[in-house]
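For reference, the structure is listed below as structure tokens.
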Amino acid sequence: MGFLLTMMESLAALILVVLVGLVSVIVFEAYRRRHNNAHVEAPAIFEDPKSLKQVPCPYIFDPAEKYLSLVIPAFNEEHRLPGALDETMNYLQQRAAKDKSFSYEVLIVDDGSRDGTKRVAFDFVKKYGVDNVRVILLGRNHGKGEAIRKGMLHSRGELLLMLDADGATKVTDLEKLENEIHAVAKKDYHRGDSASSDTTFRISDIPIVAFGSRAHLEEKALATRKWYRNFLMKGFHLVVLLAAGPGIRDTQCGFKMFTRSAARKLFTNIRLKRWCFDVELVFLCKWFGIPMLEISVNWSEIPGSKVNPLSIPNMLWELALMSVGYRTRMWKISS
């Protein structure tokens, strides 16, 4: 009996030591990342592949020069990227032909790919011109969150859309997000002064975020997805609820639209670089009081997803860092 009691005490002590060690590591890493939003890395450079000359690099605090920016993060997407870009460019060109006031740009952010992603991206720059398609090279792999952040910080649009390189969501669905943002923006704009005219209204000046959502497809997804992705989804929803609170059912859909004002606030503060940056966006939206819209989009699962069982501990790790960083006020939020 005494031996068993001693063993239990030793096990309890070991568990306590491990927990204290884990908490210490989380706190230390959160402290180390406290200035991750400062973006001290080398500035992005755009290069015209035809002339090999550098193109001036815009910044999120500059006035908008385009109506719509589409930011596509790409890591080893040599095979899936061409189809998605063809569909995207066809839509954008058709819309521009119908509406002469419509202007756009596509930013492909190569997140340290080791295949032919860079070549594919520059082929589209050559085809459509550096004013319409641009490539940002991160050099080494940083993570999807970092790639999105970099693209957003150097976009020129009044509205900024992030979308995945696999084309899982139809690009035409951006109009759903766009229309909802305009409706809410005009409602908020006129609330203060019903006599205001639309001549002074600029969508880029009103902070709003629209989240594309697959929540309406959840029942079907449970029946068709692999078991580990269902487990990941359910467990992740619970952890997100604890970390960022309620509000958005599907935080992880890679189809989100921001007004320039919202992007300016969010992407100059975001610190997480990989899977959970979407959750940090929800947290920051709540902090700033930015309206969040959740809008159903068409979505289909495309082979080649980079989500796997090993993603689970990485997600939990980032959520733990976010919770500790913000709740201890080590991560300061700049307005």
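Values below: all heavy atoms of this structure, side chains included; hydrogens, waters and symmetry mates excluded. Numbering starts at 1 and runs along the sequence shown. Fair warning: this is a prediction, and the values are worked out from it, not measured in the lab.
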Practice task
Please work out whether the ring planes of Tyr59 and Phe61 are parallel, tilted or perpendicular, with thresholds of 30° and 60°.
Solution key: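 Ring orientation of Tyr59 relative to Phe61: tilted.
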Exercise for the section: Could you check whether the rings of Tyr326 and Phe283 sit parallel, tilted or perpendicular, using 30° and 60° as the cut-offs? Expected result: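 If you compare the ring of Tyr326 with that of Phe283, the planes turn out parallel.
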Handout entry: Sole candidate of Leu163, Ile295, Leu161, Val297 that passes side-chain contact (heavy atoms from CB on, under 4.5 Å) when paired with Asp173
Key =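 Result for side-chain contact (heavy atoms from CB on, under 4.5 Å) with Asp173: Val297.
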[Y] backbone acceptor or donor facing [X] side chain under 3.5 Å:
X: Glu280; Y: Arg271; value: yes
X: Asp166; Y: Ala168; value: yes
X: Ser204; Y: Arg260; value: no

Problem - Within-4.5 Å side-chain heavy-atom neighbours: Phe258 and Arg264 - result: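 They are not in contact (no side-chain heavy atoms under 4.5 Å apart), so the answer is no.
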Exercise for the section: Decide if atom NZ of Lys176 counts as having more than 12 heavy atoms of other residues, nucleotides or ligands within a radius under 6.0 Å. Expected result: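 More than 12 heavy atoms, drawn from other residues, nucleotides or ligands, come within 6.0 Å of this atom.
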Electrostatic pair [X]-[Y], nearest N-O below 4.0 angstrom:
X: Lys144; Y: Glu318; answer: no
X: Lys118; Y: Asp110; answer: no
X: Lys66; Y: Asp131; answer: yes

Practice task
Could you grab the distance from atom CG of Asn141 to atom CZ of Phe75, nearest 0.5 Å is fine?
Solution key: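 Between atom CG of Asn141 and atom CZ of Phe75 there are 4.0 Å.
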Problem - Distance (rounded to the nearest 0.5 Å) between Cys57 SG and Arg156 CZ - result: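 Reported to 0.5 Å precision, the distance equals 10.0 Å.
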